[in-house]
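Working notes, beginning with the structure itself.
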Amino acid sequence: MTQSILSRRAQDVVDAGSENPMWDVMKDPWDPSTNPNGYVNVGVAENTLMHSELLKFINKKLELPAKYLTYNDGGSGSFRLKAAIAAFLNHNLKPATPLESSHVMATNGVSSAVEHVVWTFADPGEGILLGRPYYGMFIPDISLRSRSPVVPVSFGEHDPVGLDGVDKYEEALLEFHRTTGKKVKALIIAHPHNPLGRCYSREVLIKLMRLCQKYQVHFISDEIYALSVFENTVDESPPPVKFESALSIDLTGIIDPRLVHVLWGMSKDFGANGIRLGVIISQANRDVHAALTGPALYSYASGITDHLTSLMLEDFEFTTRYIQQNQKLLSESYAYTANYLKDHGIEYATGCNAAFFVWMNLGKKYRELHPEDEGEDVGERVMQRLLQKKVFLASGFLFGSEKDGWFRIVFTQGHDHLRVALERINAALEE
């Protein structure tokens, strides 16, 4: 056996290989005219519904001053960008304590922001609480380089975003400490939830914060979908919960403000994953910003991104119109998807009013159609059928699903794209 010339951590990644076919799928995208036999991708959380409107703004407004060809104001974002972010989020998220530029750090995406805060709060071996199902890429974002393990929280029959679910976080925290002797140092939530497409109520947020205060654990709210909320026009139960940012809560008597941190970015609310701009908000903990002054060099947003984001966020007339139109299209696309699933007898998680996706139980439908197939791992068998039909979904296995056979479908690609995807999904189940 040849001795590895890589670091142990790098070799571990090589040995583990990749269980996610996403990158192969993205190299062969479906196009109705130029590549009709390509993959219809409804697995990656991208929103193309407003691309034409966004491009109109960008191509009209973007002229790059020379200073954006320099290091400008440093790795955590220009002074102008931080001021623009603070003003924009004050206007839209209504924080209890208004944001100031000094509360904000910019990164080249929210993945970098997640990794930064984990590095800041936890030493290798110390745990990060994460409820199931979870956004699949949270696992490498949290653990790959920090070596801080994810402590998954299982809910059984309890609602993952409900009040009862908070007790499950405490159980997981205590069990991790009992079995490893290590502390849990942070609890991270996706709010709105990915992949459930629902929001945590103010009461649940407060209960989670009180839990974090009890054990001196950092509370991190990833609010990358904060403005991608919409009216659910489908007749569903439970009724959707209105989104309220963790920033909007007065923390007095609830939690030490130094333990509360919010993440945001341009990728989702502005349908611009390629802009690569994330935000770390820590209002009461100057040490976080001081600690990240050096590592910010590795998550430096480009000068073009810095300038473009500032232009967009400073224009309240444009952003207000954009957000309202985007929310209308999200509502229509969700209804289109949910009604298709209903019409075809496919179970899905109801009560959605945020983000880009529906969490659906394809395994159950497959078993109904193929009662003769009594094998286990139905999710893997369905996944192989989907790939054979050249349609890509996010597998529940990679999202920590507690039950086999669940998948996440992204509905923000336009009705023509979505129609082909749904037809291929149905064909994969039926054949």
Side-chain angles (χ1 to χ4, degrees), residues 76 86 89 93-100 102-105 107 110 112-131 134 138 141-143 146 148-153 161 163 165-174 176-177 182-191 193 199-224 226 244-264 278-293 295-296:
S76 63
L89 295 180
L93 300 187
K94 305 295 189 290
T97 300
L99 290 175
E100 302 172 8
S102 61
H103 299 160
V104 173
M105 172 185 170
T107 64
V110 175
S112 297
V114 171
E115 187 181 75
H116 275 337
V117 292
V118 171
W119 177 87
T120 305
F121 302 145
D123 288 317
E126 293 182 323
I128 310 296
L129 286 171
L130 182 65
Y134 45 69
F138 266 151
D141 292 351
I142 290 169
S143 299
S146 74
S148 293
V150 167
V151 181
V153 180
V161 299
L163 281 170
V166 178
D167 297 334
K168 298 298 180 181
Y169 282 95
E170 185 168 23
E171 290 175 14
L173 180 152
L174 294 172
F176 178 77
H177 181 66
K182 298 281 189 178
K183 294 180 179 179
V184 164
K185 296 303 293 287
L187 184 160
I188 185 166
I189 62 170
H191 173 48
H193 193 282
C199 303
Y200 291 84
S201 69
R202 175 174 285 256
E203 291 75 20
V204 174
L205 293 174
I206 290 172
K207 190 173 180 181
L208 286 168
M209 290 176 179
R210 291 191 188 279
L211 175 66
C212 289
Q213 175 66 19
K214 179 178 179 180
Y215 293 99
Q216 289 298 286
V217 167
H218 289 272
F219 177 79
I220 305 163
S221 183
D222 178 351
E223 301 187 2
I224 195 170
E244 295 182 81
S245 171
L247 293 170
S248 71
I249 296 173
D250 182 349
L251 304 180
T252 305
I254 298 171
I255 187 174
D256 182 344
R258 294 176 301 172
L259 295 173
V260 176
H261 320 276
V262 171
L263 311 179
W264 183 75
V279 181
I280 298 171
I281 301 165
S282 190
Q283 289 187 282
N285 198 326
R286 296 304 310 155
D287 287 347
V288 171
H289 297 276
L292 289 172
T293 300

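- Here the CG-CG distance, from Asp256 to Leu251, works out to 9.0 Å after rounding to the nearest 0.5 Å.
- Nearest heavy atoms, Lys182 versus Pro124: NZ-O, 4.3 Å.
- With sequence neighbours excluded, the residues forming a side chain to side chain donor-acceptor pair (under 3.5 Å) with Asp141 are Ser111, listed by chain and number.
- Lys183 has no carboxylate O lying under 4.0 Å from a charged side-chain N of Glu126, or vice versa, which leaves the two without a salt bridge.
- Using a 4.5 Å heavy-atom cutoff, the side chains of Trp264 and Val110 are not in contact.
- When the salt bridge (charged side-chain N to carboxylate O under 4.0 Å, His left out) test is applied to Asp167, the partners found at least two apart in sequence or on another chain are Lys207.
- Every residue two or more places apart in sequence or in another chain was checked for a ring-ring contact (aromatic ring centres under 6.0 Å, His included) with Phe219, and none qualifies.
- Legend: residues meeting salt bridge (charged side-chain N to carboxylate O under 4.0 Å, His left out) with Asp123, ordered by chain and number and at least two apart, are absent.
- Rounded to the nearest 0.5 Å, atoms OG (Ser112) and CE (Met105) are 8.5 Å apart.
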Which atom pairs, one a donor and one an acceptor, fall under 3.5 Å between side chains of residues 286-293 and the rest of the protein, sequence neighbours left out?
from	atom 1	to	atom 2	distance (Å)
Arg286	NH1	Ser102	O	2.6
His289	NE2	His103	O	3.4
His289	NE2	Ser282	O	3.0
Thr293	OG1	His289	O	3.1
Thr293	OG1	Ala290	O	3.2

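- When every heavy atom of Leu163 is checked against every heavy atom of Val204, the shortest pair comes out as N-CG2, 3.6 Å.
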Between Leu263 and Val114, does a side-chain contact (heavy atoms from CB on, under 4.5 Å) hold up when you go through it step by step? CA-CA 8 Å; Leu263 311 179; Val114 171; 3.7 Å; yes
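- Here the straight-line distance linking atom NZ of Lys94 with atom CD1 of Ile249 works out to 15.5 Å at 0.5 Å rounding.
- Using a 4.0 Å cut-off between a side-chain N of Lys or Arg and a carboxylate O of Asp or Glu, Arg202 and Glu244 qualify as a salt bridge.
- Between Val151 and Phe176, the shortest heavy-atom distance links the atoms CG2-CD1, 3.6 Å.
- For the pair Val153/Glu171, no side-chain contact is recorded, criterion being any heavy-atom separation below 4.5 Å from C-beta on.
- The two residues His261 and Arg258 have their closest heavy-atom pair at CE1-O, 3.2 Å.
- Remark: Ile188 CD1 to Ser221 OG distance equals 8.5 Å, nearest 0.5 Å.
- The side chain to side chain donor-acceptor pair (under 3.5 Å) check on Glu170 picks up Lys214, Tyr215, with sequence neighbours excluded.
- Rounding to the nearest 0.5 Å places OG of Ser76 at 9.5 Å from CD1 of Ile280.
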Report the C-alpha separation of Val217 and Leu259 in whole Å, then their side-chain angles, then the decisive distance to 0.1 Å, and conclude whether the side-chain contact (heavy atoms from CB on, under 4.5 Å) test is met. CA-CA 7 Å; Val217 167; Leu259 295 173; over 6 Å; no
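- Using a 4.5 Å heavy-atom cutoff, the side chains of His191 and Cys199 are in contact.
- Nearest heavy-atom pair, Thr97 versus Gln283, reported as atom, atom and distance to 0.1 Å: O-NE2, 2.7 Å.
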Report the C-alpha distance between Glu223 and Ser245 in whole Å, list the side-chain angles of each, state the deciding distance to 0.1 Å, and finish with yes or no for side chain to side chain donor-acceptor pair (under 3.5 Å). CA-CA 7 Å; Glu223 301 187 2; Ser245 171; 2.7 Å; yes
Quick one: do Leu208 and Ile189 satisfy side-chain contact (heavy atoms from CB on, under 4.5 Å)? Show the steps, please. CA-CA 10 Å; Leu208 286 168; Ile189 62 170; 4.3 Å; yes
Passes side-chain contact (heavy atoms from CB on, under 4.5 Å), Leu187 versus Ile128? Steps please. CA-CA 6 Å; Leu187 184 160; Ile128 310 296; over 6 Å; no
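- Closest approach of Val104 and Val279 over heavy atoms only: CG1-CG1, 3.7 Å.
- Atoms CZ and NZ, from Phe121 and Lys185 in turn, are 9.5 Å apart once rounded to the nearest 0.5 Å.
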